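Notes for the one structure printed next.
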Amino acid sequence: MHLLIDIRSTSPTDPVITRYASNWVNLWQSRHPGDLVSYIHFSHQKCPENGKSIIAKHSWYWKWKSLKSPWSHEIFRCVNFSGYAPYDKNIVTINHIFDHTNTLYPSTEKSWIQEIVKKYTKKQLKKSGKIIVPSLVIWQETVDIIEIREDNIEILPYISFSLLTGDRRILHQLSISWPYWIYDGSYGSEANIYGLLGGYKAYRDLGGTHTLLLMWQPVDMELRRISDMVQKMNLTWSVRIIGILEEEHIESLYMHSSGWLYIGAYYGGGPRIGLARSHKIPMLISDSPSLSDYHTGSITIHPNHLSWLGQSLRDLEHKTKKEKRNVSNDDIMKAYEKIIAEKR
């Protein structure tokens with residue numbers, strides 16, 4: 001079988017999604033060494049080393065896209081880790097909905113052409129060979145919003161990442177003091193980044209000393225608002241907006257982190273929480289149903305009742321217990337094998 005792995009992403013490319021897909025391929029190849037693997041990606045993206053490269057062109061959403069290859073006798077299946085509609089409608093595609101806030105809910109701030117593309121993506125997902133979601137709540141929302149048959153959606157948790165070698169010298173290069181906590185999610189209203197900053201201010205007022213790292217990169221308007229709020233709260237030296245990092249830098253920061261934070265009503269960070277769990281980082285997360293798989297062993301807080309967030313962060317300082325997950329990579333890959341076999 002020729003397995004196509006769709007990792008298309010606009011610039012800046014999300015290295016966590018690409019790495020997650022590469023980890024998935026490693027697990028698949030360990031079980032099916034005879035299968036050919038190719039990555040579908042844009043020209044600005046680096047193709048992982050464990051597969052061949054198929055460079056996709058940016059095109060209008062209505063353009064018919066087909067993958068022409070000399071392997072016409074082969075069985076093709078596509079596993080789509082991107083946020084795009086299936087690339088080739090003639091190939092059965094297994095689609096992942098990682099970020100339900102972005103994929104399922106249209107944004108009023110998008111342009112009219114972006115809204116059309118979004119509607120087209122939903123339409124194509126409805127025709128998809130199978131949709132994979134990481135939790136029951138996203139399964140329920142996908143059924144309701146896309147109006148897809150329940151038996152066409154599978155719930156599979158994130159696989160555990162194989163850990164890379166993190167270099168502690170990266171902390172010095174980025175002028176990051178230890179200990180620190182990581183926020184590595186979206187910057188939309190669903191993430192409640194301002195509530196997090198308010199709780200972190202309360203934590204510092206209680207005598208807390210951990211640094212807060214804001215990873216990834218907010219859009220310019222949000223960046224200005226966050227920077228202004230940090231300055232007004234006198235948190236300039238304790239809150240760092242890190243921005244976009246290379247894969248090895250992300251690995252180093254996760255490896256040495258003392259905690260991972262997310263208090264939003266909806267989780268929109270994709271497999272980042274899977275990366276945090278792979279590193280067994282203590283978590284403080286909202287009690288949102290979209291994060292229910294991670295509540296065991298974590299400190300939880302209601303996203304609309306953050307008056308105790310400062311004290312909860314103090315409690316996180318002393319949390320060292322790191323829970324083991326209940327589902328193994330082997331169990332998850334067996335489920336993928338069944339799904340892909342059903343579509344042959």
Side-chain angles (χ1 to χ4, degrees), residues 16 20 134-135 157-168 170-171 174 176-186 191-193 195-216 235 238-240 242 245 249-265 267-303 305-329:
V16 176
Y20 185 85
S135 68
Y158 297 121
I159 61 172
S160 293
F161 285 74
S162 59
L163 303 183
L164 305 176
T165 302
D167 190 344
R168 196 179 180 93
I170 296 297
L171 306 185
L174 298 176
I176 294 172
S177 59
W178 188 90
Y180 59 85
W181 293 320
I182 285 175
Y183 172 81
D184 193 12
S186 61
N192 198 6
I193 187 66
L196 176 61
L197 289 174
Y200 179 73
K201 168 62 174 174
Y203 158 77
R204 298 291 294 197
D205 290 343
L206 290 171
T209 58
H210 282 52
T211 302
L212 175 61
L213 306 185
L214 304 182
M215 297 179 65
W216 198 234
L235 297 174
S238 55
V239 175
R240 293 284 311 280
I242 302 300
L245 299 175
H249 291 181
I250 294 174
E251 185 73 15
S252 296
L253 293 185
Y254 268 76
M255 178 171 290
H256 301 291
S257 175
S258 299
W260 193 91
L261 315 177
Y262 191 89
I263 62 161
Y267 175 66
R272 284 171 168 76
I273 194 168
L275 180 59
R277 184 167 62 178
S278 297
H279 279 282
K280 300 180 180 179
I281 303 173
M283 295 183 185
L284 190 158
I285 56 179
S286 72
D287 60 5
S288 164
S290 61
L291 291 173
S292 59
D293 292 342
Y294 302 90
H295 288 165
T296 301
S298 300
I299 298 175
T300 59
I301 191 167
H302 195 286
H305 302 283
L306 300 177
S307 58
W308 289 97
L309 180 54
Q311 183 57 53
S312 296
L313 289 169
R314 288 305 305 263
D315 295 340
L316 184 64
E317 286 183 339
H318 308 290
K319 185 170 179 56
T320 58
K321 187 177 180 181
K322 301 171 183 179
E323 296 288 334
K324 293 182 179 179
R325 66 183 306 183
N326 296 323
V327 182
S328 67
N329 280 349

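Source: prediction; values computed, not measured.
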- Do the side chains of Leu235 and Leu212 get nearer than 4.5 Å, heavy atoms only? no

- Task: With the side chain counted from C-beta on, respond yes when Tyr254 and Ser278 share a heavy-atom pair under 4.5 Å apart, and no when they do not.
- Result: no

- Item | Ser238 and Tyr200, any side-chain heavy atoms less than 4.5 Å apart | yes

- Looking only at non-hydrogen atoms, find the nearest pair between Val16 and Pro271 and report the distance. CG1-CG, 4.1 Å

- Of His318, Lys319, Gln311, the residue whose pairing with Asp315 passes side chain to side chain donor-acceptor pair (under 3.5 Å): Gln311

- Note on the structure: ring-ring contact (aromatic ring centres under 6.0 Å, His included) filter on His210, not counting sequence neighbours, yields Trp181

- Distance, nearest 0.5 Å, that separates OG of Ser307 from CD1 of Ile301: 7.0 Å

- Message: Show, in sequence, the C-alpha distance, side-chain angles and deciding distance for Ile170 and Leu245, and conclude whether the side chain to side chain contact (heavy atoms under 4.5 Å, CB included) test is met.
- Response: CA-CA 11 Å; Ile170 296 297; Leu245 299 175; over 6 Å; no

- Message: Is any side-chain heavy atom of Ile193 closer than 4.5 Å to one of Leu214?
- Response: yes

- Item | Heavy-atom check, side chain of Leu275 versus side chain of Asp184, under 4.5 Å | no

- Pairs satisfying salt bridge (charged side-chain N to carboxylate O under 4.0 Å, His left out), at least one member in residues 204-214, at least two apart: Lys201-Asp205

- Item | Worked verdict on Asp293 versus Val327 for side chain to side chain contact (heavy atoms under 4.5 Å, CB included) | CA-CA 11 Å; Asp293 292 342; Val327 182; over 6 Å; no

- Query: Sub-3.5 Å donor-acceptor pair from the side chain of Ser257 to the main-chain atoms of Leu253, do we have one?
  - Reply: no

- Task: Take Leu171 and Ser252 through the side chain to side chain contact (heavy atoms under 4.5 Å, CB included) test and state the conclusion after the steps.
- Result: CA-CA 8 Å; Leu171 306 185; Ser252 296; 5.5 Å; no

- Message: With rounding to the nearest 0.5 angstrom, report the OH to CE distance, Tyr294 to Met283.
- Response: 7.0 Å

- Using the test side chain to side chain contact (heavy atoms under 4.5 Å, CB included), find all partners of Asp287 that sit at least two apart in sequence or belong to another chain. His295, Thr300, His302, Pro303

- Side-chain donor or acceptor of Asn329 paired with backbone N/O of Ser160 under 3.5 Å: yes

- Message: Using side-chain heavy atoms (C-beta onward) and a distance below 4.5 Å, is His256 in contact with Tyr180?
- Response: yes

- Partners meeting side chain to side chain contact (heavy atoms under 4.5 Å, CB included) with Ser288 (sequence neighbours left out): Ser286, Ser290

- Do the side chains of Leu309 and Tyr203 get nearer than 4.5 Å, heavy atoms only? no

- Note on the structure: With sequence neighbours left out, the residues meeting side chain to side chain donor-acceptor pair (under 3.5 Å) with Tyr183 are none

- Mind checking side chain to side chain contact (heavy atoms under 4.5 Å, CB included) for Arg240 and listing every partner two or more places apart, or none if nothing turns up? Ser175, Ile176, Thr211, Leu213, Ile242

- Query: Which heavy atom in Arg314 sits nearest to a heavy atom in Gly208, and how many Å separate them?
  - Reply: NH1-N, 3.8 Å

- Residue list, side chain to side chain contact (heavy atoms under 4.5 Å, CB included) with Asn192, at least two apart or on another chain: Ile263, Leu306

- Message: Show the nearest heavy-atom pair for residues Leu316 and Pro282, with the distance to one decimal.
- Response: CD1-CB, 4.0 Å

- Leu163 side, atom CG; Glu251 side, atom CD - distance, nearest 0.5 Å: 5.5 Å

- Any donor-acceptor pair under 3.5 Å linking the side chain of Tyr267 with the backbone of Tyr262? no

